[in-house]
Amino acid sequence: MPLLETLEDSFTGALDLTKWPNSYGDPAAVGGRGRIPCTVGGFAGLRSATTYTLAGSHFLLRAYPPAANGATVTAALSVLVLTSTGGTDAGFIIDTAQGAMGLYLREGYADGGALFPPYDPVAHAWLRLRETGGTLLWEASPDSSNWTVLRFASTPAWAADANLSLLLESTRADGGNGFAEVDNVNLPTSLVLLGAARTAGAARPVAGQKAYPLGAARSGSLARPLSPAHIVQLGAARTHARAGTIARLPRPARALTTSAAGPMLTTSTTEPQLTATSTTGG
């Protein structure tokens with residue numbers, strides 16, 4: 001009894017009929033989307049196997065309803081969870097001829113509590129029907145990350161059935177023929193892997209994202225003291241080679257007093273004169 005959310009399709013490559021074995025009306029995978037013909041008086045749809053349950057689960061997808069193409073009566077995309085009883089289902093019907101979206105929980109094809117908000121192709125780009133804690137939620141999102149609840153109702157008993165299926169169907173009553181499209185069934189774009197890994201059989205869905213806020217407390221415990229700077233002492237020998245010569249003193253040098261321990265300077269008007277002396281007797 002797989003959960004409905006385990007039905008995943010990004011429609012890369014050819015249409016996978018193992019996921020949509022009950023399809024009709026020649027749907028196909030075109031340009032990375034599931035394409036469903038929308039013809040006057042006709043019906044076409046992608047329909048999954050009847051093996052899923054909705055209790056504690058959901059479906060979501062990116063919806064591209066058919067263009068009105070001059071229709072004034074009906075040009076619609078239906079996204080419904082079907083039960084084994086005809087006309088007992090739940091989901092969304094987008095009718096671009098009317099510019100409205102129906103939020104349905106039907107029995108006998110009727111729902112006295114249905115809501116019909118104006119269809120917004122941006123705000124309602126993504127659709128999700130979710131069951132949680134005894135409540136059924138109809139939700140929409142512009143980006144598959146930020147969801148708005150459009151309707152809620154008590155969960156019907158059939159949500160726990162093990163033979164539910166997902167139907168994506170298109171039809172029109174008037175206007176020019178065209179098609180509806182769907183994409184990323186149960187694959188929100190924030191979790192879709194690009195490239196070959198997206199379709200690899202061994203790939204696993206990403207369970208969630210982790211965020212690590214930056215703050216003083218986070219970095220404080222990891223801080224390390226700065227090591228002391230190395231100081232090089234400059235000595236006479238180090239700088240001796242750079243010393244310049246004294247060209248001339250501004251005034252006569254004064255005589256030093258006599259010393260037995262070193263050289264003695266005598267008065268000169270030009271430059272210092274050293275007289276020899278020694279403490280070793282040499």
Side-chain angles (χ1 to χ4, degrees), residues 3-5 7 36 38 43 45-48 52-69 71-161 164-175 180-186 188:
L3 299 176
L4 186 55
E5 67 198 70
L7 172 61
I36 307 163
C38 184
F43 290 85
L46 289 163
R47 185 178 177 184
S48 75
Y52 298 97
T53 185
L54 179 59
S57 188
H58 67 267
F59 77 75
L60 64 82
L61 54 78
R62 177 66 165 92
Y64 301 89
N69 286 351
T72 58
V73 179
T74 300
L77 169 65
S78 299
V79 182
L80 301 169
V81 177
L82 302 184
T83 71
S84 58
T85 302
T88 298
D89 51 40
F92 307 80
I93 299 179
I94 301 172
D95 190 341
T96 53
Q98 300 298 322
M101 179 168 57
L103 311 176
Y104 289 102
L105 177 58
R106 303 190 298 187
E107 289 187 16
Y109 299 100
D111 178 10
L115 299 179
F116 302 95
Y119 173 63
D120 184 331
V122 175
H124 303 151
W126 289 80
L127 304 176
R128 181 169 70 181
L129 183 69
R130 180 166 58 100
E131 197 288 321
T132 178
T135 301
L136 197 59
L137 302 166
W138 289 254
E139 299 171 305
S141 170
D143 55 13
S144 79
S145 295
N146 302 291
W147 295 91
T148 299
V149 176
L150 304 177
R151 180 188 178 184
F152 62 90
S154 296
T155 299
W158 58 255
D161 291 353
L164 304 180
S165 63
L166 180 62
L167 173 66
L168 315 175
E169 182 185 74
S170 188
T171 189
R172 69 169 58 243
D174 57 340
E181 292 182 319
V182 294
D183 198 6
N184 291 333
V185 174
N186 290 323

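Numbering starts at 1 and runs along the sequence shown.
I94 places a side-chain heavy atom less than 4.5 Å from the side chain of L127. Residues F59 and L7 are not in side-chain contact: their nearest non-hydrogen atoms beyond the backbone lie 4.5 Å or more apart. The closest side-chain heavy-atom distance from L61 to N186 is not below 4.5 Å. The shortest distance between side-chain heavy atoms of P121 and Y119 falls below 4.5 Å. Taking the side chain as every heavy atom from C-beta outward, Y64 and L77 never approach each other to under 4.5 Å.
Across all their heavy atoms, L105 and S154 have their closest contact at CD2-O, 4.3 Å. Residues A180 and C38 share a closest heavy-atom pair of N-CB, 4.4 Å. Across G91 and W138, no two heavy atoms sit closer than the pair O-NE1, 3.2 Å. The shortest non-hydrogen separation linking T96 to P66 is OG1-O, 2.7 Å. The two residues L46 and V182 have their closest heavy-atom pair at CD1-CG2, 4.1 Å. Heavy-atom minimum distance, L164 versus L54: CD1-N, 3.6 Å.
Taking the ring axis of W147 as reference, the NZ or CZ atom of R128 stays within 45° of it and closer than 6.0 Å to the ring centre.
The stretch residues 165-175 participates, sequence neighbours left out, in these side-chain hydrogen bond (donor to acceptor under 3.5 Å, both in side chains) pairs: Y24-E169, R47-S165, T72-D174. Legend: side-chain hydrogen bond (donor to acceptor under 3.5 Å, both in side chains) pairs involving residues 78-95, not counting sequence neighbours, sorted by first then second residue: D89-R106. Screening residues 107-117 for side-chain hydrogen bond (donor to acceptor under 3.5 Å, both in side chains) gives D111-R151 as the qualifying pairs, with residues at least two apart or on separate chains.
Proximity of a side-chain donor or acceptor of N69 to a complementary backbone N or O of G175 within less than 3.5 Å is not detected.
Residues passing the side-chain contact (heavy atoms from CB on, under 4.5 Å) test with A173, sequence neighbours excluded: V73, T74. Scanning for side-chain contact (heavy atoms from CB on, under 4.5 Å) contacts around A55 gives T53, E131, A160, with sequence neighbours left out. In this structure S57 satisfies the side-chain contact (heavy atoms from CB on, under 4.5 Å) test together with L3, L4, E5, sequence neighbours excluded.
Of the residues listed (L166, V81, L167), the one engaging S48 in a side chain to side chain contact (heavy atoms under 4.5 Å, CB included) is L166, and it is the only one.
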Stepwise side-chain contact (heavy atoms from CB on, under 4.5 Å) test for M101 and L150: CA-CA 11 Å; M101 179 168 57; L150 304 177; 3.7 Å; yes
side-chain contact (heavy atoms from CB on, under 4.5 Å) evaluation trace for L137 with L129: CA-CA 6 Å; L137 302 166; L129 183 69; over 6 Å; no
Residues F152, L136; criterion side-chain contact (heavy atoms from CB on, under 4.5 Å); working and verdict: CA-CA 5 Å; F152 62 90; L136 197 59; over 6 Å; no
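Around atom CZ of F116, more than 12 heavy atoms belonging to other residues, nucleotides or ligands sit under 6.0 Å away.
Within the model, atoms CG of D143 and CH2 of W126 stand 9.0 Å from one another, a figure rounded to the nearest 0.5 Å.
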